[in-house]
A.B. asks: 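Take a look at this one; I'll ask things after.
Chain identifiers are assigned alphabetically (A, B, ...) following the order of the sequence lines, protein sequences preceding nucleic acid strands; residue numbering begins at 1 within each chain. A quick note: this is a predicted structure, and the numbers were derived from the prediction, not measured.
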Amino acid sequence: MRVEATLSLNDAQRRAVEHRGGALLVVAGAGSGKTRVLAARVARLLADGVRPEAVLAFTFTNRAAREMRERIERSVGEAARRLWVGTFHATAVRILRREAAAAGIPPAFAIYDREDQEGLLREIVKRLELPEAAFRLGPLIARIADSKNALVTPDQAARAAVSPYEKQVAECYRLYQRQLRENGALDFDDLIAELVRLLLGDPGVAKRYAARFEHVLVDEYQDTNHAQFRLVERLSRVHGNLFVVGDDDQSIYGWRGADLANVLEFETAFPGAEVIRLEQNYRSTRLILEAANAVIAHNRGRRAKTLWSEREEGPRLRFVLAADEVDEARRITAFLDERRRRGGRLDECAVLYRTNAQSRALEIELRARSTPYEIVGGVSFYQRREVKDLLAYLRLVANPRDGAAFWRVWNTPRRGLGPAVRGLVEARMERDGAPVEALRALEAGGTLTRVARAGAGAFLEILDDLGRHRDAPPDRLLLRLLERSEYFKTLESDGAAADDDRRANIEELIAAGARVAAAGGGLLEFLAESSLTTDADRLAEGADRVLLLTAHNAKGLEFPAVVIAGLEEGLFPHANAFEDPARMEEERRLFYVALTRAADEVLLTAAAYRRRFDGARGGRVSRFVEEIPSTLLDAEELVTARAAEGEAAHWGGDGLRRAGSGARSASRAPAPTRADPHHRAVGREVFHESFGRGVVVAAEGEGGAAKFTVRFGGSVRKVLGRFLTGGDDGH
DNA sequence: TGGTGCTCAATTTTT
DNA sequence: TTGAGCACCA
Ligand SMILES: Nc1ncnc2c1ncn2[C@@H]1O[C@H](COP(=O)(O)OP(=O)(O)OP(=O)(O)O)[C@@H](O)[C@H]1O
């Protein structure tokens with residue numbers, strides 16, 4: 001069996017792959033082949049006769065898991081299908097379903113997503129009469145998640161709480177856990193935490209799994225949190241065969257509890273562990289790598305590492321400062337077009353950004369230019385209303401105690417059930433527990449009005465009918481549901497286009513159900529998949545389109561051409577990181593991740609002005625751009641052709657005569673209405689008393705009121721025309 | 001009960 | 001600017 005036949009390896013890589021066993025940490029920079037080594041290691045183990053079901057590998061995304069499995073399958077054949085390869089969450093679900101009894105949870109437990117969590121906590125905050133302004137759901141959920149990721153129980157949180165605020169958060173946490181339990185549900189973080197608790201608390205189960213798995217492997221180890229560390233530690237303690245790969249410079253999920261100590265203190269946690277470093281990058285051209293190395297070197301808290309490439313030098317990284325986000329989108333589209341004319345394909349390109357909201361401007365422009373694109377992230381498929389509605393019915397079939405699912409659809413489509421009946425059901429739930437049973441009792445009794453009774457009857461009938469077919473393939477279940485619930489009727493209210501969209505989504509959901517069935521899965525597998533699958537996991541190969549995604553979502557991917565957009569102070573790095581050096585370093589690592597996705601070509605863009613939901617804002621060019629040595633940058637100035645036009649030396653000529661308004665140098669001008677990137681002034685060199693020489697990137701208005709967006713060196717400011725002189729004649 | 005329209009918050013990142 | 005929650009009225 002020749003692993004090397006499918007995956008060639010350098011010496012260091014081979015040493016890792018052929019490691020004798022025990023604990024091994026492979027730390028290495030971007031593109032050094034860590035993922036490849038992990039896959040080769042698994043293939044090697046199988047070739048050496050290790051049973052596939054005794055190999056447990058954790059990946060960061062479901063997609064990575066699928067690719068890993070496929071890769072290994074290519075080298076060792078279909079035994080690869082029996083491997084345990086998956087994300088921490090998917091693997092935890094798999095084990096918890098089997099060990100539900102020991103874990104003290106229902107085997108068909110529901111998995112609560114963000115929306116479900118918010119629903120529970122909204123009720124709790126209301127019930128405790130906490131001030132909503134101070135107890136926003138987002139931070140509250142984040143705090144609870146932090147506790148869970150650190151394996152802190154509600155009791156421990158309450159004991160550790162000092163301030164009244166912390167005490168109340170702990171109380172919310174306690175009630176929230178109780179609610180989850182009553183609903184027979186776990187949230188994402190519980191999946192890991194409950195599994196760890198089970199392994200720590202039940203020696204029998206712990207022993208069984210320690211014996212079942214002989215090798216544990218972890219990809220993207222730098223982004224594991226404490227609970228995940230404990231899980232890995234528990235599962236590998238007996239045999240000690242732990243193989244992890246990671247890069248401390250690519251840790252970008254600190255806000256989710258990722259703990260770099262897992263990497264930095266690996267040798268302490270696993271005495272006798274070996275560390276192997278990989279130093280050759282196979283992905284990027286030398287200039288790209290040099291730029292990435294230069295930027296990341298600005299981080300203080302890191303172990304310096306070597307990373308070199310044998311590849312050609314490659315072209316310099318291009319930088320474009322656009323006037324605003326619309327202009328930026330245009331420049332990016334133009335870049336993609338130009339690349340296509342050179343023979344490049346769209347699917348070799350990705351546009352990376354810091355926040356999902358940035359995709360909108362890009363989307364509009366790409367659509368206008370008929371450039372095929374695909375957005376990854378944002379509102380994902382399984383979060384769409386119609387999809388969640390239908391899934392809620394299936395969730396109720398699996399687990400009648402699932403209150404979030406129940407309240408979501410008990411009156412969808414409309415059945416005349418509202419707050420009045422809800423009160424009755426809730427009262428009744430004290431006795432019957434499950435909302436479905438409470439409703440059933442009410443329907444049987446005489447308390448409901450005629451309308452409500454009919455509605456309740458219709459709803460229960462659908463659930464009962466589905467319940468009788470719970471073992472049918474998920475797609476059949478969905479079809480049955482659509483037929484009985486007349487769900488399509490609720491769709492007809494909206495516009496035709498949105499309607500078609502919804503129908504298409506429903507079709508796709510049915511197809512997803514059929515796929516699960518084809519793979520031998522049933523209702524529970526389908527529901528788990530719908531909870532754990534993200535947009536990035538659903539990416540299909542083959543279509544020639546440019547990918548639009550956040551830098552976070554791009555982790556682990558690689559593209560011949562990468563565009564990084566929105567490189568402005570406040571956006572990337574995000575303003576929320578300004579006061580905290582540690583968070584700023586994480587922003588920098590994020591930029592490093594983004595940059596190192598590129599193999600051949602990089603375009604960096606920023607917008608001098610960016611419209612936000614609450615107005616517009618100008619930002620300086622990102623410090624990260626400035627941390628790239630200028631010799632590596634091809635910083636193109638805007639539309640220089642326009643500078644050729646003759647123009648008066650003074651801008652907005654009559655401004656001085658129109659005295660009155662106080663002299664404001666207006667770096668923070670009032671929200672501009674429309675900065676026109678095609679204004680005839682754009683591209684002109686100008687001179688400002690205090691800011692010096694600059695280039696106009698946008699302008700709006702005429703005469704004395706004219707305002708110009710000007711780039712002075714690295715910073716971009718908005719200034720009134722009357723403070724500017726043409727740059728050509730000195731001042 | 002259900003529909004309309006108002007107000008307010010949200011945009012940092014996600015398994 | 002959009003979406004969601006909520007108050008108010010038919
Ligand atoms: N020994 C090798 N010979 C040729 N190509 C290699 C070798 N090792 C890795 N590569 C290639 O280098 C690229 C990066 O590999 P891989 O994705 O495994 O790196 P990584 O360290 O996991 O990257 P990152 O951490 O940046 O996500 C891939 O295209 C891979 O095929």
Side-chain angles (χ1 to χ4, degrees), chain A residues 58-65 86-93 111-115 117-119 122 126 132-133 136-139 141-142 145 148-149 186-193 220 223-225 227-228 251-258 352-361 364 376-380 382-383 385 411-422 449-452 455 490 493 528-529 531-537 549-555 566 570-578 583 586-587 589-591 593-594 610-617 671:
Chain A
F58 292 110
T59 58
F60 197 73
T61 63
N62 294 294
R63 179 167 188 243
T87 62
F88 278 96
H89 294 86
T91 301
V93 169
I111 301 167
Y112 271 21
D113 69 4
R114 176 66 185 229
E115 220 179 316
Q117 293 181 289
E118 281 180 3
R122 189 173 291 122
K126 234 181 257 169
E132 283 183 35
R136 298 222 178 287
L137 266 19
I141 290 174
K148 292 183 177 184
N149 291 333
L186 302 185
D187 66 21
F188 281 115
D189 305 303
D190 278 337
L191 295 174
I192 316 292
E220 307 280 13
D223 276 321
T224 50
N225 61 36
Q228 291 165 335
S251 172
I252 55 176
Y253 283 94
W255 49 275
R256 217 171 69 183
L352 274 38
Y353 37 78
R354 181 65 179 80
T355 68
N356 284 303
Q358 289 169 254
S359 66
R360 170 158 289 167
I364 292 168
V376 180
V379 180
S380 79
Y382 283 109
Q383 289 172 336
R385 196 184 73 202
N411 194 36
T412 308
R414 306 251 175 255
R415 302 186 176 93
L417 300 173
V421 184
R422 176 164 184 160
T449 65
R450 208 167 311 146
V451 177
T490 61
S493 47
E529 178 168 313
S531 299
L532 301 176
T533 300
T534 68
D535 237 27
D537 300 325
L549 69 175
T550 61
H552 280 93
N553 261 325
K555 175 157 109 151
L571 187 58
F572 200 174
H574 198 273
N576 290 354
F578 281 164
R583 292 176 69 178
E586 181 155 311
E587 294 287 311
R589 291 194 292 267
L590 183 59
F591 181 72
V593 168
R610 189 174 293 277
R611 270 167 283 271
R612 286 168 51 95
F613 60 91
D614 55 355
R617 198 181 57 178

A.B. asks: Please state how far atom CZ in A/Arg122 lies from atom C1' in B/dA9, giving the value in whole angstrom units.
C.D. replies: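 That distance rounds to 12 Å.
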A.B. asks: Taking A/Gly416's backbone N and O only, do any of them form a donor-acceptor pair with A/Asn411's side chain (distance below 3.5 Å, no angle check)?
C.D. replies: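 Yes: the side chain of A/Asn411 pairs with the backbone of A/Gly416.
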A.B. asks: State whether the distance check finds a donor on one side and an acceptor on the other, under 3.5 Å, for side chain A/Arg583 versus base B/dT13.
C.D. replies: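 Looking at the base of B/dT13, it does not pair with any donor or acceptor on the side chain of A/Arg583 (distance under 3.5 Å).
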A.B. asks: Whole angstrom is fine here: how far is it from OH in A/Tyr353 over to P in B/dT11?
C.D. replies: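 Distance, rounded to whole Å: 15 Å.
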A.B. asks: May I ask you to evaluate whether A/Thr534 reaches the phosphate of B/dT15, defined as a side-chain N or O under 4.0 Å from OP1 or OP2?
C.D. replies: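 True: A/Thr534 side-chain N/O within range (under 4.0 Å) of B/dT15 OP1/OP2.
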A.B. asks: Only one of A/Asp187, A/Val93, A/Leu186, A/Asp190 passes side-chain contact (heavy atoms from CB on, under 4.5 Å) with A/Ile111; say which it is.
C.D. replies: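 Checked A/Asp187, A/Val93, A/Leu186, A/Asp190 against A/Ile111; only one passes side-chain contact (heavy atoms from CB on, under 4.5 Å): A/Val93.
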A.B. asks: Answer yes or no for this row: A/His89 ring on B/dT15 base, centroids under 5.5 Å, planes under 30°.
C.D. replies: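 Here the ring of A/His89 and the base of B/dT15 are not stacked, as the 5.5 Å and 30° limits are not both satisfied.
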A.B. asks: Ignoring hydrogens, what is the shortest heavy-atom contact between A/Asp223 and A/Ile252? Give both atom names and the distance.
C.D. replies: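 In this case the closest contact between A/Asp223 and A/Ile252 is OD1-N, 3.1 Å.
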A.B. asks: Taking atom P in both B/dT13 and C/dA4, what distance in whole Å separates the two?
C.D. replies: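 16 Å, rounded to whole Å.
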A.B. asks: Please state how far atom CZ in A/Arg114 lies from atom P in B/dT13, giving the value in whole angstrom units.
C.D. replies: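 Checked: the CZ to P distance equals 11 Å.
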A.B. asks: Without swapping roles, check the side chain of A/Glu586 against the backbone of A/Gly254 for a donor-acceptor pair under 3.5 Å.
C.D. replies: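 Yes, A/Glu586 side chain to A/Gly254 backbone: donor-acceptor pair under 3.5 Å.
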A.B. asks: Write down the distance between CD (A/Glu118) and P (C/dG3), rounded to a whole number of angstrom.
C.D. replies: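 Nearest whole value for this atom pair: 16 Å.
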A.B. asks: Atom CD of A/Gln383 and atom P of C/dA4: how far apart are they, to the nearest Å?
C.D. replies: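 These atoms are roughly 11 Å apart.
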A.B. asks: Quick check on DNA chain B: between A/Asp189 and A/Asn576, whose nearest nucleotide comes earlier from the 5' end?
C.D. replies: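 The answer here is A/Asn576.
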A.B. asks: Side chains of A/Asp537 and A/Thr534: is there a donor and an acceptor less than 3.5 Å apart?
C.D. replies: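 Distance-only check passes for A/Asp537 and A/Thr534.
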A.B. asks: Please determine if a side-chain N or O atom of A/Arg256 lies less than 4.0 Å away from the OP1 or OP2 oxygen of B/dT13.
C.D. replies: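 No, no such contact exists.
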A.B. asks: Between the protein and nucleotides 1-3 of chain B, list the N/O to N/O atom pairs that are separated by less than 3.5 angstrom.
C.D. replies:
from: B/dG2; atom 1: OP1; to: A/Gly416; atom 2: N; distance (Å): 3.1
from: B/dG2; atom 1: OP2; to: A/Asn411; atom 2: ND2; distance (Å): 3.1
from: B/dG3; atom 1: OP2; to: A/Arg414; atom 2: NE; distance (Å): 3.1

A.B. asks: How long is the gap from CD on A/Glu118 to CZ on A/Arg136, to the nearest 0.5 Å?
C.D. replies: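 Interatomic distance, A/Glu118 CD to A/Arg136 CZ, rounded to 0.5 Å: 12.0 Å.
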A.B. asks: Of all heavy-atom pairs between A/Gly566 and A/Arg610, which one has the smallest distance, and what is that distance?
C.D. replies: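 Closest heavy-atom pair between A/Gly566 and A/Arg610: CA-NH2, 3.3 Å.
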A.B. asks: Can A/Trp255 be said to stack with the base of B/dT13, given centres closer than 5.5 angstrom and planes under 30 degrees apart?
C.D. replies: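 Answer is yes, a stack.
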A.B. asks: Would you say B/dT15 has OP1 or OP2 under 4.0 Å from some side-chain N or O of A/Ser531?
C.D. replies: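 No, no such contact exists.
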A.B. asks: Whole-Å distance between B/dT14 C1' and A/Ile111 CD1?
C.D. replies: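 About 15 Å, once rounded to whole Å.
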A.B. asks: Counting only side-chain heavy atoms from C-beta out, which of B/dT15, C/dT2, B/dT12 sits nearest to A/Arg360?
C.D. replies: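 Nearest nucleotide to the side chain: C/dT2.
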A.B. asks: Which nucleotide, B/dT13, B/dT14, C/dC6, lies nearest any side-chain atom of A/Arg354?
C.D. replies: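 That would be B/dT13.
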A.B. asks: Have a look at A/Tyr253 and say if it touches a base, only the backbone sugar-phosphate, or nothing, with a 4.0 Å heavy-atom cut-off.
C.D. replies: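 It contacts sugar-phosphate atoms only.
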A.B. asks: Starting from P on C/dA4, measure out to CG on A/Leu137 and report it in whole angstrom.
C.D. replies: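 Atom-to-atom, A/Leu137 to C/dA4, this comes out as 14 Å.
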A.B. asks: Does OP1 or OP2 of B/dT15 have a side-chain N or O of A/Asn149 closer than 4.0 Å?
C.D. replies: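 So the side-chain polar atoms of A/Asn149 never come under 4.0 Å of the phosphate oxygens OP1 or OP2 of B/dT15.
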A.B. asks: Is there a side-chain contact between A/Lys148 and A/Phe188 in this structure, where contact means two heavy atoms from C-beta onward sitting under 4.5 Å apart?
C.D. replies: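 No, their side chains stay 4.5 Å or more apart.
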A.B. asks: Separation of A/Asn356 atom CG from B/dA10 atom C1', in whole Å?
C.D. replies: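 Value for this atom pair: 13 Å.
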A.B. asks: Please check the phosphate of C/dC6 (OP1 and OP2 only) for any side-chain N or O of A/Lys126 closer than 4.0 Å.
C.D. replies: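 So the side-chain polar atoms of A/Lys126 do come within 4.0 Å of the phosphate oxygens OP1 or OP2 of C/dC6, strictly under.
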A.B. asks: Quick check on B/dT14: is either OP1 or OP2 less than 4.0 Å from any side-chain nitrogen or oxygen of A/Asn553?
C.D. replies: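 Answer yes for this pair, as a side-chain N or O of A/Asn553 is under 4.0 Å from OP1 or OP2.
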